[in-house]
Amino acid sequence: MLSPQRVAMPGLPMSVTIWEVGPRDGLQNESSIVPVDVKLEFLDRLATAGLGVIEATSFVHPKWVPQLADAEELLARLEPAPGVRYPVLVPNERGLDRALALGSRDIAIFGSATETFAKRNLNRTVDESLTMFEPVVQRARTEGMRVRGYLSMCFGDPWEGEVPIAQVVAVARRLVGLGVDQLSLGDTIGVATPGHVTALIRALTDAGVGPDRLAVHFHDTYGQALANTLAALQSGVTTVDSSAGGLGGCPYAKSATGNLATEDLVWHLHGLGITTGVDLHALVRTSVWMAQQLGRQSPSAVVRALAAETATR
Ligand code: HMG
Ligand code: MG
């Protein structure tokens, strides 16, 4: 079968926004550095496949993430597709200056629910990182930019183990208090399970951060990402992060593997009768092409199942 039979399930949204993170979360974790021309073609193919939000790159320190050190060249050469958003990651004011110089209108800051990951990823404590983000959000707001906040290690941390829901809620409230439009809940190492997702979203809602302001960001290390997505949708979330072909990980989080694959997500959502605007076959062809560029197969079950059949369509 080339597409799932559509059978709706009560209590789910009519449409979902897919926040594609492959070019950023995916490529930041590749051992090789992907040429800018390949990245540009990747961005172009993703837009053509119907993805409306494509996280393009990061303005972080190039020594920390050399895979994305070409952010300036990439954005300068990018020809934005009409109506498509291209958010970029920005950790500090230096990153914001770089993004503004390239005409970015859409940024994401990225915090951590745990101290160990804050230190490893940002060289800051949780408090210090929030202090670092404050002027970034303020200035971006003054410039009329959109600002997303990520919160990593919401469901478990490779160094600290279990992360209490109350701790996640406390940092989430502070990030939201800075003035971000949306908060994306990161399962950075893919350990969440559906009951945990439901409980966290309920606790955030009780604390005044409802599902309309949330997105979910599941890595698929333990194969739980789709089950977790369904739990999030049932809790009212309508923005889901994923990466084409299941590329991804985080260079500063041991045991983080790829994100939920966009193709697996699209199959799941379309089967539930939920609109995404994505052409699944065009997307599979993109991931097959990207896998050839990277010299290894995509881990996505849907890409593998459809690769041969979509090649000629
Ligand atoms: P630091 O070493 O503490 O930096 O790193 P600093 O503030 O002390 O500055 C040191 C030097 O770096 C200075 O230069 C700055 O100008 C320069 P000098 O004056 O010495 O010549 N510098 C920069 N240069 C270019 N761009 C910048 C920048 N900032 C400072 N933006 C820093 C602090 C935040 C910069 C560093 O820790 C960093 O870049 N971290 C990024 C790590 C990263 O990108 N991780 C992956 C993304 S997060 C993720 O994947 C999780 C997510 O997917 C969600 C999930 O799965 O949970 C989002
Ligand atoms: Mg991630």
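Basis for what follows: all heavy atoms, side chains included, without hydrogens, waters or symmetry-related copies. Atoms within a ligand are numbered from 1 in the order they appear, just like the ligands themselves. Being a predicted model, the structure only gives us computed values, none of them experimental.
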Would you mind running through ligand 1 and noting each atom that sits below 4.0 Å from a heavy atom of [X]?
X: Asp25; value: 50 (O), 53 (O)
X: Arg24; value: 47 (C), 49 (C), 50 (O), 52 (C), 53 (O), 58 (C)
X: Gly186; value: 57 (O)
X: Leu122; value: 33 (C), 37 (O)
X: Asn121; value: 37 (O), 40 (N), 41 (C), 42 (C), 43 (C), 45 (N), 46 (C), 48 (S)
X: Ser152; value: 51 (C), 54 (C), 55 (C), 57 (O)
X: Tyr150; value: 54 (C), 58 (C)
X: Gly95; value: 31 (N)

Validation row, ring centre His270 to ring centre His268 under 6.0 Å
no

Which option out of [options] puts a heavy atom nearest to [atom]?
atom: atom 17 (C) of ligand 1; options: His61, Arg94, Lys119; value: His61
atom: atom 6 (P) of ligand 1; options: Gln67, Met132, Arg124; value: Arg124
atom: atom 2 (O) of ligand 1; options: Asn123, Asp187, Val21; value: Asn123

Answer with side chain, backbone, both or neither: which part of Asn259 has a heavy atom less than 4.0 angstrom from an atom of ligand 1?
neither

Between Val65 and ligand 1, which part of the residue brings a heavy atom under 4.0 Å of the ligand: side chain, backbone, both or neither?
side chain

Testing the basics here: between Ile33 and Pro66, what is the closest heavy-atom pair and its distance to 0.1 Å?
CD1-O, 3.7 Å

Minimum heavy-atom separation for Val237 and Pro211, please, with both atom names.
N-CB, 3.8 Å

Inspect the contact between [Y] and [X] and indicate whether a charged nitrogen and a carboxylate oxygen are less than 4.0 angstrom apart.
X: Asp264; Y: Arg304; answer: no
X: Glu115; Y: Lys119; answer: no
X: Asp37; Y: Arg77; answer: yes
X: Glu143; Y: Arg139; answer: no

Before signing off on this row, confirm whether His219 and ligand 1 have an N or O atom pair separated by under 3.5 Å.
yes

Is it the case that ligand 1 has an N or O less than 3.5 angstrom from some N or O of Met153?
no

Around atom CZ of Arg6, are there more than 12 heavy atoms from other residues, nucleotides or ligands closer than 6.0 Å?
yes

Kindly report the NE2-the Mg ion (ligand 2)-NE2 angle for His217 and His219 respectively, rounded to 10°.
90°

Is Asp25 close enough to the Mg ion (ligand 2) to have an N, O or S atom under 2.8 Å?
yes

Is there a donor-acceptor pair closer than 3.5 Å between any side-chain N or O of Arg24 and the backbone N or O of Leu89?
no

Is a donor on one side and an acceptor on the other found under 3.5 Å between the side chain of Ser129 and the backbone of Thr125?
yes

Go through the steps for Leu260 and Asp241 under the test side-chain contact (heavy atoms from CB on, under 4.5 Å), then give the verdict.
CA-CA 8 Å; Leu260 167 61; Asp241 302 0; over 6 Å; no

